[in-house]
Structures are given as structure tokens and as C-alpha cells.
*Asks:* 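Below is the structure I would like to discuss, written out as C-alpha cells.
A quick note: this is a predicted structure, and the numbers were derived from the prediction, not measured.
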Amino acid sequence: MKSYDKVIFVCTANTFCSPIAEAVYKEIAPAWLPKAVSRGIVVLFSEPISPKVNVILSSHDMEVSNHEHSIQLSKEDITQDTLILVMTLSEKVKLMEDFGIDSNIYTIGEFIGEDTDMVNPYGADDVQYESFFEEIHKRVERVILRIEAIYHEEGGEDNDSIGQ
């Protein structure tokens, strides 16, 4: 397996799911792992992230970092060593078609050995938003463990410059 230069969490609009995944990753990933960002597939114009993101992250003593508005995924974001993690299979297919990507792109579930999508709880009650956060947190923890295992297989865990 190969090392990654960065991790990009992707959802459709980059206003809810992927900013939460990015924030969780940044909060719990060791500094030597690749840096993470989040992007959207369909960002026609930059819009503020969902206020629910701030509420959920704040309730778990986490910050959104400097991600305040949606950002469109671009070809410049992607190198041959970029790990792209999408929320749903349909988002994966769209990116593969639109960007001609055929490697290093997975749903989060695929990457950690689960076959379920992360479904945006848009319009749901607070309990469902909290449930989404708990699920994405567990999955991002498993993403980190998998990336760590890949690096350990390669002997790259001692390289302090990885992902810098």
C-alpha cells in the first residue's frame, strides 16, 4: 500500500458532513499523519457551513478550525497520493466520472470495511444530528487507525514530515 500526501473528506455541498469529518480528523489524528481538508462536489457559490456544524462540534469541545464556507473540490486539490473519502457511493461515482479518478477514492465505509453510506441528517431532529456525529466520529477514528496501519506497514511512522 502507499502513503498519502493528504486526506480530503468530500460531501455534496461541503456544508455539513465533510466539515464535521474534517474537524474530527484534525482533533484526533496524530500530527505525523497527512493533513486533512474537506471539499464539496457541487458548490455553485460559496455558502456558510451549516450552523448545526458549530453546535454539534461545540457540544463536543471541538472547533470547525478555519472552515467557515463551502469550498468546491478542484483538480488542483488532488495528487496521485491524495486519499479522497466521500460520504456516499453516488458521490464516489460522480467524482470518478467528473475527475477521471480511479484510485485512492473510497466511501468512508469502504475504507474502513463497512458497506454503508453516511447519510446527511438534513432537517432531522437534534437526536439524529447527534447520532450522525457519533457515527462519523467512530468512522473517522477507524480511518485514522487504517492510515496508521498503512504507514506502519511501510515503516513510515518515524517520518515526522509526513503530510506536512
*Asks:* Are Glu27 and Val140 packed together at the side-chain level, in the sense that at least one heavy-atom pair is separated by less than 4.5 angstrom?
*Replies:* no
*Asks:* Search all heavy atoms of Ile108 against all heavy atoms of Val143 and return the closest pair with its distance.
*Replies:*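 In terms of heavy atoms, the two residues are closest at CG2-CG2, 4.1 Å.
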*Asks:* Counting only N and O atoms by type, is there a donor-acceptor contact under 3.5 Å from the side chain of Asp117 to the main-chain atoms of Val119?
*Replies:* no
*Asks:* Considering the options Glu141, His137, Glu135, which one meets the side-chain hydrogen bond (donor to acceptor under 3.5 Å, both in side chains) requirement together with Arg139?
*Replies:* Glu135
*Asks:* Could you tell me whether the side chain of Phe99 reaches within less than 4.5 Å of the side chain of Leu73, counting heavy atoms only?
*Replies:*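 Yes; the side chains approach each other to less than 4.5 Å.
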*Asks:* Honestly curious: do Val43 and Val37 fall in one hydrophobic cluster under the side-chain, below-4.5 Å linking rule?
*Replies:* no
*Asks:* If Ile, Leu, Val, Met, Phe, Trp and Tyr residues are connected whenever their side-chain heavy atoms lie under 4.5 Å apart, and connections chain through other members, are Val24 and Leu33 in the same group?
*Replies:*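 Per the 4.5 Å side-chain linkage, Val24 and Leu33 are co-clustered.
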*Asks:* Please tell me if the side chains of Ile8 and Leu83 come closer than 4.5 Å, counting only heavy atoms from C-beta onward.
*Replies:*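 A side-chain contact under 4.5 Å is absent here.
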*Asks:* Would you say that Tyr122 contacts Gln128 through its side chain, given a criterion of any heavy-atom pair below 4.5 Å between the two side chains?
*Replies:*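 A side-chain contact under 4.5 Å is absent here.
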*Asks:* Would you check, one step at a time, whether the test side-chain contact (heavy atoms from CB on, under 4.5 Å) holds for Val86 with Ile84?
*Replies:* CA-CA 6 Å; Val86 299; Ile84 302 169; 4.2 Å; yes
*Asks:* Any link between Tyr25 and Ile112 through a network of hydrophobic side chains (Ile, Leu, Val, Met, Phe, Trp, Tyr) touching at under 4.5 Å?
*Replies:* yes
*Asks:* Any carboxylate oxygen within less than 4.0 angstrom of a Lys/Arg side-chain nitrogen, looking at Lys35 and Asp5?
*Replies:* no
*Asks:* Flag yes if Ile150 and Leu145 sit in one hydrophobic cluster, no otherwise; membership is Ile, Leu, Val, Met, Phe, Trp, Tyr, and two members link when side-chain heavy atoms are under 4.5 Å apart.
*Replies:* no
*Asks:* Going hydrophobic residue to hydrophobic residue with side-chain gaps under 4.5 angstrom, can you get from Phe45 over to Ile49?
*Replies:* no
*Asks:* So does Asp77 get a backbone contact from the side chain of Lys6, meaning a donor-acceptor N/O pair under 3.5 Å?
*Replies:*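 Checking the backbone N and O of Asp77 against the side chain of Lys6, a donor-acceptor pair under 3.5 Å is found.
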*Asks:* Tell me, do Pro48 and Glu68 make a side-chain contact under 4.5 Å, heavy atoms counted?
*Replies:*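 No. Closest side-chain heavy atoms not under 4.5 Å.
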*Asks:* Can you check whether Phe16 and Tyr129 have ring centres sitting under 6.0 Å from each other?
*Replies:*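 Yes - the distance between ring centres of Phe16 and Tyr129 falls below the 6.0 Å cut-off.
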*Asks:* Looking at OG of Ser70 and CZ of Arg39, how far apart are the two atoms once the value is rounded to the nearest 0.5 Å?
*Replies:*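 The distance works out to 10.5 Å.
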*Asks:* In the structure I gave you, are the side-chain heavy atoms of Thr107 and Met118 within less than 4.5 Å of one another anywhere?
*Replies:*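 Heavy-atom side-chain distance check fails, nothing below 4.5 Å.
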*Asks:* Decide side-chain contact (heavy atoms from CB on, under 4.5 Å) for Val10 and Leu85; before the verdict, give the C-alpha distance in whole Å, the side-chain angles of both, and the deciding distance to 0.1 Å.
*Replies:* CA-CA 6 Å; Val10 180; Leu85 297 173; over 6 Å; no
*Asks:* Taking the six-membered ring of Phe111 (Phe, Tyr or Trp), confirm whether the NZ or CZ of Arg146 is under 6.0 Å from its centre and within 45° of its axis.
*Replies:*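 The answer is yes, since Arg146 meets both limits relative to Phe111.
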*Asks:* If only side-chain N and O atoms count, and only distance matters, is there a donor-acceptor pair under 3.5 Å linking Glu47 with Thr15?
*Replies:* no
*Asks:* Measuring from Ser131:OG to Asp126:CG, what's the distance to the nearest 0.5 Å?
*Replies:*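 Those atoms lie 12.5 Å apart.
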*Asks:* Quick check against the 3.5 Å criterion: does Ser58 have a side-chain atom that pairs as donor or acceptor with the backbone of Val55?
*Replies:*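 Absent.
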*Asks:* Where do Glu110 and Ile105 come nearest, in terms of heavy atoms and distance?
*Replies:* OE1-O, 4.5 Å
*Asks:* Where is the tightest heavy-atom contact between Ala23 and Met62, given as atom of each residue plus distance?
*Replies:*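 So the minimum-distance heavy-atom pair works out to O-CE, 3.5 Å.
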*Asks:* As an exercise, state the distance from NZ of Lys26 to OG of Ser38, rounded to the nearest 0.5 Å.
*Replies:* 7.5 Å
*Asks:* Check the pair Lys138 / Glu134 against salt bridge (Lys or Arg N to Asp or Glu O under 4.0 Å), numbers first and verdict last.
*Replies:* CA-CA 6 Å; Lys138 284 191 290 190; Glu134 290 169 8; over 6 Å; no
*Asks:* Within this structure, what is the CG-NZ distance for the pair Asp98 and Lys75, rounded to the nearest 0.5 Å?
*Replies:* 9.0 Å
*Asks:* Please say whether more than 12 non-hydrogen atoms of neighbouring residues, nucleotides or ligands are located less than 6.0 Å from NZ in Lys94.
*Replies:*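 No, because the 6.0 Å sphere around NZ of Lys94 holds 12 heavy atoms or fewer from other groups.
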*Asks:* Considering non-hydrogen atoms only, spot the tightest contact between Gly40 and Gln72 and give its length.
*Replies:*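 Taking every non-hydrogen atom into account, O-NE2, 3.5 Å.
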*Asks:* For residues Ile144 and Ile28, determine if any side-chain heavy atom of one lies less than 4.5 Å from a side-chain heavy atom of the other.
*Replies:* yes
*Asks:* Using a 4.5 Å cut-off on heavy atoms from C-beta on, say whether the side chain of Tyr4 contacts that of Asp81.
*Replies:*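 Asp81 vs Tyr4: side chains apart.
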*Asks:* Just say parallel, tilted or perpendicular for the rings of Phe133 and His60, cut-offs at 30° and 60°.
*Replies:* parallel
*Asks:* Is it true that the side chains of Ser18 and Asn14 contain a donor and an acceptor less than 3.5 Å apart?
*Replies:*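 Side chains of Ser18 and Asn14: pair found under 3.5 Å.
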*Asks:* What pair of heavy atoms forms the shortest contact from Met87 to Cys11, and how long is it?
*Replies:*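 Shortest heavy-atom separation between Met87 and Cys11 comes out as CG-CB, 3.8 Å.
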*Asks:* Tell me, yes or no, whether the heavy-atom count around Asp115 atom CG, taken from other residues, nucleotides or ligands under 6.0 Å, exceeds 12.
*Replies:* no
*Asks:* Show your working on side-chain contact (heavy atoms from CB on, under 4.5 Å) between Asn104 and Thr82 and close with a plain yes or no.
*Replies:* CA-CA 7 Å; Asn104 298 337; Thr82 301; over 6 Å; no
